[in-house]
Each structure stands twice: as structure tokens, then as C-alpha cells.
Amino acid sequence: MGQVYAVTERVLDASPERVFDVLADYESSRGALLPAQYSEYEVREGGKGAGTVVHWKLQATEKRVRDCLFTVTEPSPGQLVETDANSTMVVTWTVTPAGEGKAKVVVETTWSGASGIGGFFERTFAPKGLNRINNEVLERLASSVG
């Protein structure tokens with residue numbers, strides 16, 4: 001098994017505090033940021049930041065659907081870590097200042113991939129597909145905070 005890693009980032013025209021507040025609000029604003037690849041979005045516990053438990057299905061490809069149940073932690077200021085109970089997937093959102101009235105958002109996703117030739121293709125192509133999806137999330141986030 002090899003580690004699969006995808007990273008997407010963008011600078012937004014909004015304060016880091018505003019951007020983080022929107023990302024951490026799983027109850028009201030987070031679901032609206034998700035594109036068509038996501039379905040069955042449901043907050044099961046909490047709703048704001050650490051302690052939130054949120055479910056969704058992510059259709060990464062035509063044949064691949066992940067049933068995700070994430071628990072959210074905030075290990076440091078400006079950071080949300082979503083750990084999936086159904087797999088090894090971990091999604092880390094980091095929001096930092098990027099100049100006057102701007103925020104840099106970095107989303108990193110990791111999981112243990114398959115072995116063999118399937119794992120090679122997963123490590124090669126899955127990050128590109130996930131980056132396309134995360135770019136759309138960041139575009140929606142930019143519209144939401146701008």
C-alpha cells in the first residue's frame with residue numbers, strides 16, 4: 001500500500017477569520033460549498049468546528065463512491081482536520097493570512113492506497129481528480145466569502 005496525497009490551494013479576497021468561520025460552519029455554510037460529486041451531506045453531531053461529525057458520499061469517479069463519516073478536530077488555530085471513520089482518509093484545511101484582507105487556503109488529502117498496479121494508477125490519477133473537485137470547492141468558498 002502506498003500513501004496517496006493531493007493538495008490544492010488558493011488565495012481568497014477575505015480575512016482568514018471569515019474564511020475559517022465559513023469552512024468550520026458545517027451546519028449552515030459548508031454543505032453549500034460542495035459540488036455535484038458530493039451527496040447525502042448530513043451533520044450528525046455538533047456543527048461548528050471541533051467535535052463535529054459529518055457524513056457525505058463522494059463520487060470521485062464514475063465507478064468510485066466513498067461513504068465518508070468525518071470527525072472534525074482543530075489541532076491548531078486556522079486548521080480543521082477531518083478524519084474518516086470508514087477509511088484512512090484525512091482531509092486537512094489550513095487557513096493563513098496572505099496579505100491585507102486576504103487568506104490562503106490549503107486543503108491536503110491523504111489516504112492509504114491500493115497495492116500493485118491498481119495502487120500505481122490510484123496514486124497517479126486520484127490526486128488529479130480530487131484536485132479538480134477541491135478547486136470547485138475553493139471556487140465556491142471564494143464566492144461565499146467575497
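None of these values were measured; they are calculated from a predicted model.
- Cluster annotation: Leu69 is not connected to Tyr26 through the hydrophobic network of ILVMFWY side chains, with a link wherever side-chain heavy atoms come within less than 4.5 Å.
- Residues Thr52 and Gly46 approach most closely at OG1-C, 4.1 Å, considering heavy atoms.
- Considering all non-hydrogen atoms of both residues, His55 and Glu40 come closest at ND1-O, 3.1 Å.
- Separation of the Trp56 and Phe70 ring centroids falls under the 6.0 Å cut-off.
- Sorted by first and then second residue, the salt bridge (Lys or Arg N to Asp or Glu O under 4.0 Å) pairs with a member in residues 27-36 read Arg30-Glu82; sequence neighbours excluded.
- Val145 is not connected to Val11 by any chain of hydrophobic side-chain contacts under 4.5 Å among Ile, Leu, Val, Met, Phe, Trp and Tyr, and they are in different clusters.
- Once rounded to the nearest 0.5 Å, the distance linking CD of Glu9 with OG1 of Thr94 reads 10.5 Å.
- Thr8 has its side chain out of reach of Arg10: every pair of non-hydrogen atoms, C-beta onward, lies at least 4.5 Å apart.
- Closest approach of Gln3 to Thr110, counting heavy atoms only: NE2-CB, 3.3 Å.
- Between Gln79 atom CD and Thr73 atom OG1 the span is 8.0 Å, to the nearest 0.5 Å.
- Of all non-hydrogen atoms in Arg18 and Ala14, the two that sit nearest each other are CG-CB, 4.4 Å.
- A salt bridge is absent between Glu136 and Arg132: the closest approach of a Lys/Arg side-chain nitrogen to an acidic carboxylate oxygen does not fall below 4.0 angstrom.
- Within the 3.5 Å criterion, the main-chain N or O of Asp67 finds a donor-acceptor partner in the side chain of Asn86.
- More than 12 heavy atoms of other residues, nucleotides or ligands shown are found within 6.0 angstrom of NZ on Lys48.
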Query raised in the report: Given the rule in the side-chain contact (heavy atoms from CB on, under 4.5 Å) test, do Val106 and Thr96 qualify, once you have shown the distances and angles that lead to the verdict?
Result: CA-CA 9 Å; Val106 178; Thr96 55; over 6 Å; no
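- The hydrophobic clustering, which links ILVMFWY residues whose side-chain heavy atoms are closer than 4.5 Å, places Val53 and Leu80 apart.
- Tyr41 and Val72 fall within the same hydrophobic cluster, defined by Ile, Leu, Val, Met, Phe, Trp and Tyr side-chain heavy atoms under 4.5 Å apart, directly or through other members.
- To the nearest 0.5 angstrom, Leu58 atom CG is 9.0 Å from Leu34 atom CG.
- Residue Asn131 comes nearest to Ala6 through the heavy atom pair OD1-CB, 3.7 Å, listed as atom of the first residue, atom of the second, then distance.
- In this structure, the side chains of Gln59 and Lys57 stay at 4.5 Å or more apart for every pair of heavy atoms.
- Within the 3.5 Å criterion, the main-chain N or O of Asp21 finds no donor-acceptor partner in the side chain of Asp25.
- Contact detail for Val19 and Ala103: the closest heavy-atom pair is CG2-CB, 3.9 Å.
- Tyr38 and Val43 fall within a single hydrophobic cluster, where Ile, Leu, Val, Met, Phe, Trp and Tyr side chains are chained together by heavy-atom contacts under 4.5 Å.
- You'll find the side chain of Leu12 reaches within 4.5 Å of the side chain of Leu141, heavy atoms only.
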